[in-house]
Amino acid sequence: MTRSSLPPFEEYIEEIRSLWETRWLTNMGEKHNKLEKELEAYLGVPFVSLFSNGHLALEMAIEVLHLTGEVITTPFTFASTTHAITRNGLTPVFCDISASDFTIDVDQIESLITDKTTAIMPVHVYGNVCNVMEIDRIAKKYNLKVIYDAAHAFGVTVNGQGIGNFGDISMFSFHATKVFNSIEGGALTFADEKVKNQLYQIKNFGIVSPESITYAGGNGKMNEFSAAMGVCNISYVNENIAFRKSVVELYKERLSGIKGLTLLESQEGVSSNYSYFPVVFNEKQFGKTRDQVHAALAQENIIARKYFYPLTSKFECYDGRFSSNETPVAEYIAERVLTLPLYPELSKHDVDRICNIILGK
Ligand SMILES: *Cc1c(COP(=O)(O)O)cnc(C)c1O
């Protein structure tokens with residue numbers, strides 16, 4: 001399915017060597033601060049705050065904005081987005097997705113706003129960009145906060161602008177499986193300088209000085225070994241994205257124009273990071289269901305993922321609290337989508353094999 005990017009071994013060893021001299025292994029050390037600066041430049045954002053993982057970053061983003069009540073979001077996402085809302089004691093209100101890019105359907109947001117709504121939490125699914133302008137307009141009109149789950153969208157730009165510049169806060173994940181990784185890790189990006197300090201408190205137990213603890217914060221700090229991995233990996237991101245692009249082009253050559261298969265369309269003005277290659281199988285037109293294709297690939301030891309399936313609104317832990325009838329497009333896609341293996345080193349030979357199995361050749 002995926003393969004974690006690693007820098008050359010010697011480069012990482014060189015980067016962590018100084019840690020044996022300083023013995024400074026975590027708590028906003030030299031590597032942490034270096035990565036923060038490099039990411040501000042790479043993502044083209046005013047401020048970056050690093051975290052031990054993307055999920056905790058998302059939970060702490062909700063905390064720093066003091067959200068209450070209801071948050072409008074989508075169920076076509078990874079568990080993290082919805083759990084971050086409920087674990088903060090808030091209620092997710094599920095909006096359907098657009099059939100063309102799988103991001104939140106902006107035409108349905110306003111009808112879901114109540115007097116309890118405090119925020120919108122959209123997801124840049126597969127690196128596809130949400131309609132950020134329309135979401136911004138709605139948020140301003142109803143005085144709502146916006147937190148983007150940008151876990152899939154590292155390095156994506158819209159008309160040359162980094163995707164982390166929209167909404168109040170954006171969350172990026174640096175998990176091992178993502179386009180850019182720091183083993184585990186994550187970041188929040190934002191424009192309000194005050195947020196930087198407040199996040200620092202939240203992720204470091206609210207400690208101002210050894211004898212002054214002003215906030216009941218948690219622990220979300222990124223350690224130096226992770227930050228060093230990030231520092232090494234960042235210099236290979238562009239190259240990796242270019243390799244991913246060529247893999248995606250190979251897939252497109254083989255799979256576009258096939259009846260019953262829907263591929264992602266590229267979005268105007270958006271430079272993609274080619275993070276995923278989802279295919280939607282219409283069983284009536286294609287002759288095979290998504291599950292049949294998934295099984296045929298598995299038989300050849302090829303792991304494609306039903307990503308995202310099931311919808312988060314249908315998780316057992318939510319115990320029938322939400323109905324997927326209200327998000328029919330999300331339901332339709334979740335039942336039919338498969339993301340194909342995609343990583344920079346995937347060979348043309350492997351892409352051909354995968355496509356032959358899918359097409360029954
Ligand atoms: C990976 C991911 C997260 C969580 O990030 P972690 O760094 O794994 O905690 C959140 N949302 C989405 C959409 C993701 O893909």
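Index from 1, following the sequence. Remember, it's 1-based here, ligands and their atoms both numbered in the order they're listed. Atom set for the values below is all heavy atoms of this structure, side chains included, hydrogens, waters and symmetry mates excluded.
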Q285 meets the side-chain hydrogen bond (donor to acceptor under 3.5 Å, both in side chains) criterion, sequence neighbours left out, with none
Q) Do F78 and F308 pass the ring-ring contact (aromatic ring centres under 6.0 Å, His included) test, and can you show the C-alpha distance, the side-chain angles, and the key distance before you say yes or no? A) CA-CA 7 Å; F78 183 54; F308 301 103; 7.2 Å; no
Go through the side-chain N and O atoms of S49 and K203 and say whether any donor and acceptor fall under 3.5 Å apart.
-> yes
Atom pairs and distances, ligand 1 N/O vs protein N/O under 3.5 Å:
{"from": "ligand 1", "atom 1": "5 (O)", "to": "S173", "atom 2": "OG", "distance (Å)": "3.2"}
{"from": "ligand 1", "atom 1": "7 (O)", "to": "G54", "atom 2": "N", "distance (Å)": "2.8"}
{"from": "ligand 1", "atom 1": "7 (O)", "to": "S173", "atom 2": "OG", "distance (Å)": "2.7"}
{"from": "ligand 1", "atom 1": "9 (O)", "to": "G54", "atom 2": "N", "distance (Å)": "3.3"}
{"from": "ligand 1", "atom 1": "9 (O)", "to": "H55", "atom 2": "N", "distance (Å)": "2.8"}
{"from": "ligand 1", "atom 1": "11 (N)", "to": "D149", "atom 2": "OD1", "distance (Å)": "3.3"}
{"from": "ligand 1", "atom 1": "11 (N)", "to": "D149", "atom 2": "OD2", "distance (Å)": "2.7"}
{"from": "ligand 1", "atom 1": "15 (O)", "to": "H152", "atom 2": "NE2", "distance (Å)": "3.0"}
{"from": "ligand 1", "atom 1": "15 (O)", "to": "K178", "atom 2": "NZ", "distance (Å)": "3.1"}
{"from": "ligand 1", "atom 1": "15 (O)", "to": "Y307", "atom 2": "OH", "distance (Å)": "3.2"}

What one should report as the nearest heavy-atom pair of N33 and M28 is ND2-O, 3.7 Å
Check your understanding: Between E36 and K196, is there a salt bridge with N-O shorter than 4.0 Å?
Key -> yes
Worksheet entry | Salt bridge E335-K306, side-chain N to carboxylate O under 4.0 Å | no
